[in-house]
Amino acid sequence: MNSPVNNPVNSHTHASVRPRWHTAAAVLRHPALKVAAPLALLAATGIWGAVTGDVAGLRIASTVLMYIALAEGWNLLGGYAGYLNFGTVIFLGIGAYTTAIAVTGTGVNALVTLPLAALVAGAVSVLIGIPGFRLRGDYFAVATFVLTLAAKELANVLGITGGSVGLFLPPVADSLSASTRLFFFLFLALAAISVAICWVSERTRWFSALVAVREDEDAAEVLGVPTLRLKVVALAVGAAIAGAAGSLYAAQSLYIEPTGTFDFRVSLAVVVAVILGGKGTWYGPVAGAVLTQFLATQLFVRMQGVWDQLIFGLLLIAVALLAPRGITRPTRRARGRRFGV
């Protein structure tokens with residue numbers, strides 16, 4: 001009797017099956033597919049935004065896209081370098097107030113001020129980061145939380161910010177529908193740029209140096225890695241993204257005030273999105289932001305009082321227990337086992 005190994009039919013069958021699995025695995029790992037899939041998703045999102053008449057849906061999608069941009073910006077320092085940072089809303093607020101002050105003071109179109117808002121937020125982050133990075137770990141996280149409270153109080157007392165009354169901005173479009181669609185595409189562009197920054201960064205020596213900081217900062221310094229400069233640049237790029245998002249937020253909302261603009265829950269939502277999605281990857285923050293904002297929106301619509309926040313928290317705990325490294329990590333490991341890679 002022929003054994004399965006010596007049987008020519010079985011040998012032919014195994015020889016024909018295994019190359020198919022390896023071919024499928026090779027296709028999934030092909031660099032072209034890794035680029036084509038995100039571009040196809042971006043194009044599909046843009047087409048939906050162009051053809052849909054759902055104004056409420058566009059507004060919700062704009063919020064999701066804003067959080068994708070914020071999460072990707074946070075990921076540069078928090079995910080790659082491992083620095084827990086609760087200060088995202090500081091730079092979002094700086095960008096919003098930069099636009100609002102420029103518009104109310106000069107009458108310029110709010111969209112023109114977007115580069116200025118990003119620049120101001122990035123510059124302030126450098127002023128914060130140079131002395132702030134003397135702190136590490138939990139101390140740095142606590143410092144960013146305290147700075148968030150300080151920024152809100154400062155906006156409450158400064159005359160240029162309008163104090164607790166806030167500032168009003170004129171609309172940038174003639175109708176609500178046109179304005180909502182315009183800002184959807186602006187937030188889509190900002191999210192795409194933010195994802196591209198992280199995607200490109202992961203293919204540079206800068207990324208390797210940031211990971212070295214995360215793994216052992218003291219050892220990285222001994223090896224000659226300019227850790228302070230790396231961290232300041234990562235913080236500044238993330239802050240510039242947040243500043244641009246804040247500029248768009250102010251221009252779309254038409255009114256900003258300190259309590260809502262410097263809401264600490266924004267920073268917390270960004271941190272949760274990155275951790276749940278999978279920090280340290282360009283795709284993790286995207287998945288995390290979509291998941292958390294979708295859950296938050298659905299629960300807000302369907303629940304009342306504190307129930308939406310309670311159930312949201314319980315769902316996040318469940319996801320964290322089932323996927324402690326992020327929802328995108330188990331998928332990658334399972335795919336590797338399936339194809340033997």
Side-chain angles (χ1 to χ4, degrees), residues 28-29 31 33-35 37-38 67-88 91 122 125-126 128-144 191-242 267 270-289 320 323-336 341:
L28 289 175
R29 295 197 307 267
L33 181 62
K34 294 180 180 180
V35 177
Y67 274 96
I68 289 175
L70 294 175
E72 292 287 358
W74 187 93
N75 193 43
L76 292 170
L77 180 67
Y80 297 154
Y83 266 73
L84 185 60
N85 168 24
F86 289 115
T88 298
F91 309 116
S125 75
V126 173
I128 293 175
I130 291 177
F133 282 124
R134 296 181 181 274
L135 304 172
R136 296 186 184 181
D138 296 337
Y139 294 101
F140 181 79
V142 171
T144 56
I193 292 171
S194 304
V195 171
I197 289 173
C198 286
W199 186 86
V200 172
S201 297
E202 291 183 12
R203 286 149 180 80
T204 64
R205 295 179 61 185
W206 183 54
F207 168 74
S208 301
L210 288 174
V211 172
V213 171
R214 182 184 68 199
E215 298 300 324
D216 193 331
E217 186 168 349
D218 292 329
E221 289 179 349
V222 170
L223 294 175
V225 177
T227 58
L228 178 60
R229 185 174 65 191
L230 288 169
K231 293 183 292 185
V232 169
V233 171
L235 178 64
V237 174
I241 293 172
S267 293
V270 170
V271 174
V272 170
V274 178
I275 293 176
L276 286 185
K279 63 180 181 178
T281 64
W282 66 265
Y283 49 83
V286 177
R325 297 182 61 194
I327 59 176
T328 59
R329 296 301 181 90
T331 301
R332 194 168 78 174
R333 291 200 299 271
R335 186 178 64 193
V341 293

Relative to each other, are the rings of F133 and F140 parallel, tilted or perpendicular (30° and 60° limits)? parallel

_Can a donor-acceptor pair be found, under 3.5 Å and without considering hydrogens, that links the side chain of E202 to the backbone of W282?_
yes

- Message: Would the distance check show the side chain of T144 and the main-chain N or O of F86 forming a donor-acceptor pair, the cut-off being under 3.5 Å?
- Response: yes

When every non-hydrogen atom of G73 is compared with those of I241, the smallest separation belongs to CA-CD1, 3.9 Å

Residues at least two apart in sequence or cross-chain that pass side chain to side chain contact (heavy atoms under 4.5 Å, CB included) with I275, listed by chain then number, are V271

Open item on the list: Tell me if the CG atom of D218 is crowded by more than 12 foreign heavy atoms within 6.0 Å.
Closed with: yes

Practice task
Let me see the working for L235 and V126 under side chain to side chain contact (heavy atoms under 4.5 Å, CB included), right down to the final yes or no.
Solution key: CA-CA 8 Å; L235 178 64; V126 173; over 6 Å; no

Set out, in order, the CA-CA distance, both residues' side-chain angles and the distance that settles side chain to side chain contact (heavy atoms under 4.5 Å, CB included) for C198 and Y80, then state yes or no. CA-CA 10 Å; C198 286; Y80 297 154; 3.5 Å; yes

Report task. Flag yes if more than 12 heavy atoms outside R229 fall under 6.0 Å of its CZ atom; otherwise flag no. Result -> no

Next item on the list: Answer whether the closest heavy-atom distance between the side chains of E217 and Y83 falls below 4.5 Å.
Entry: yes

Closest heavy-atom pair, A209 versus L230, reported as atoms and distance to 0.1 Å, is CB-CD1, 3.4 Å

- Task: Under the side chain to side chain contact (heavy atoms under 4.5 Å, CB included) rule, what do L76 and V233 come out as? Steps first, then yes or no, please.
- Result: CA-CA 9 Å; L76 292 170; V233 171; over 6 Å; no

So CD1 of I128 and CG of N85: to nearest 0.5 Å the spacing works out to 9.5 Å

So CD of E72 and CD1 of I197: to nearest 0.5 Å the spacing works out to 9.0 Å

- Item | Sub-4.5 Å side-chain heavy-atom contact between K231 and L77 | yes

Which of L276, N75, V195 passes side chain to side chain contact (heavy atoms under 4.5 Å, CB included) with P285? It is N75

What one should report as the nearest heavy-atom pair of T227 and A220 is CG2-CB, 4.2 Å

Of all heavy-atom pairs linking S125 and A239, the shortest is CB-CB, 3.5 Å

### Query
When you measure from the side chain of R203 to the backbone N and O of W199, does any donor-acceptor pair fall under 3.5 Å?
yes

One should read off an interatomic distance between W74 CH2 and S194 OG, to the nearest 0.5 angstrom, of 15.0 Å

